[in-house]
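Side chains are part of it too, since the values below use all heavy atoms of this structure and drop only hydrogens, waters and symmetry mates.
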Amino acid sequence: QVQLSESGGGLVQAGGSLRLSCVASGFSFNTHAMGWFRQGPGRKEQSFVAVITSNGGRTYYADSVKGRATISRDNSKNAVYLQMNSLKPEDTAVYYCAANRRFEVATMTWVTEYDYWGQGTQITVAS
């Protein structure tokens with residue numbers, strides 16, 4: 001059974017930092033790119049935040065978090081992380097990790113390209 005379990009969310013003041021973790025099981029973690037998406041309050045869809053390729057060699061970020069976010073992974077632990085710094089109120093959202101077996105740069109931001117999803121963890125940034 002595939003499972004993705006996020007943790008590390010919480011309430012933080014603007015300018016603060018959080019580190020999200022996602023632990024995976026039930027599939028071949030080291031053959032999947034891993035992404036983070038988020039869904040803000042009142043938003044109908046998730047939006048792309050960051051992705052890391054299966055071997056960790058390449059990372060990509062949404063413009064909205066570039067310079068403030070760092071995605072990393074530890075294949076020995078089946079885990080992917082998202083370090084978020086200089087948090088802003090507009091970063092408030094539920095953050096999801098997701099696994100992508102067919103990673104391509106052209107489609108890496110597409111929700112539909114990700115095969116497995118976690119349940120999400122809430123980040124709330126107070127101004």
Side-chain angles (χ1 to χ4, degrees):
Q1 182 179 359
V2 171
Q3 283 193 316
L4 293 171
S5 180
E6 303 97 335
S7 62
L11 173 64
V12 63
Q13 294 294 315
S17 299
L18 281 174
R19 187 189 192 218
L20 305 183
S21 299
C22 171
V23 177
S25 63
F27 66 98
S28 181
F29 182 78
N30 61 6
T31 63
H32 286 67
M34 295 300 297
W36 286 95
F37 287 74
R38 64 187 181 185
Q39 187 169 10
R43 301 277 183 163
K44 290 185 179 180
E45 297 179 348
Q46 294 132 333
S47 60
F48 171 78
V49 177
V51 66
I52 186 167
T53 53
S54 58
N55 64 0
R58 290 178 289 163
T59 58
Y60 301 88
Y61 299 91
D63 288 344
S64 58
V65 303
K66 202 170 291 183
R68 300 188 297 120
T70 303
I71 188 170
S72 61
R73 67 189 293 160
D74 184 341
N75 284 354
S76 69
K77 297 181 179 179
N78 281 10
V80 61
Y81 309 99
L82 182 69
Q83 176 71 41
M84 293 285 293
N85 300 324
S86 302
L87 283 160
K88 305 174 182 180
E90 51 263 44
D91 294 317
T92 294
V94 178
Y95 284 71
Y96 300 87
C97 69
N100 181 343
R101 178 67 180 90
R102 304 165 303 277
F103 177 80
E104 293 182 18
V105 173
T107 59
M108 65 183 181
T109 64
W110 297 6
V111 168
T112 53
E113 287 300 296
Y114 290 75
D115 306 291
Y116 309 122
W117 290 81
Q119 293 300 305
T121 186
Q122 174 76 45
I123 290 182
T124 302
V125 184
S127 57

Pairwise distance [atom1]([X]) to [atom2]([Y]) - rounded to 0.5 angstrom:
{"X": "D74", "Y": "F29", "atom1": "CG", "atom2": "CZ", "value": "8.0 Å"}
{"X": "R38", "Y": "R43", "atom1": "CZ", "atom2": "CZ", "value": "9.0 Å"}
{"X": "E6", "Y": "Q119", "atom1": "CD", "atom2": "CD", "value": "7.5 Å"}
{"X": "R101", "Y": "F27", "atom1": "CZ", "atom2": "CZ", "value": "11.0 Å"}
{"X": "C22", "Y": "Q3", "atom1": "SG", "atom2": "CD", "value": "11.0 Å"}
{"X": "R19", "Y": "Y81", "atom1": "CZ", "atom2": "OH", "value": "5.5 Å"}

Exceeds 12 heavy-atom contacts within 6.0 angstrom, atom CD of Q122: yes

If you look at every heavy atom in [X] and [Y], which pair is closest and at what distance?
{"X": "Y61", "Y": "A50", "answer": "CD2-CB, 3.6 Å"}
{"X": "L87", "Y": "L18", "answer": "CD1-N, 3.9 Å"}
{"X": "S86", "Y": "S17", "answer": "N-OG, 4.3 Å"}
{"X": "M108", "Y": "Y114", "answer": "O-OH, 2.6 Å"}
{"X": "A14", "Y": "S127", "answer": "CB-CA, 4.3 Å"}

Note: K66-D63 ion pair, threshold 4.0 Å (strictly below): yes

Between S54 and N30, a side-chain donor and acceptor under 3.5 Å: no

Same apolar cluster: [X] and [Y], side chain cutoff 4.5 Å:
{"X": "I123", "Y": "I71", "value": "yes"}
{"X": "L82", "Y": "V51", "value": "no"}
{"X": "M34", "Y": "V23", "value": "no"}
{"X": "L4", "Y": "F103", "value": "no"}
{"X": "M84", "Y": "F48", "value": "no"}

Derivation and outcome, side-chain contact (heavy atoms from CB on, under 4.5 Å), residues L20 and T121: CA-CA 8 Å; L20 305 183; T121 186; 3.9 Å; yes

Whether H32 and Y116 hold their rings parallel, tilted or perpendicular, with breakpoints at 30° and 60°: tilted

Listed partners of K44 passing side-chain hydrogen bond (donor to acceptor under 3.5 Å, both in side chains), at least two apart: none

R58: partners by side-chain hydrogen bond (donor to acceptor under 3.5 Å, both in side chains), with sequence neighbours left out: Y60

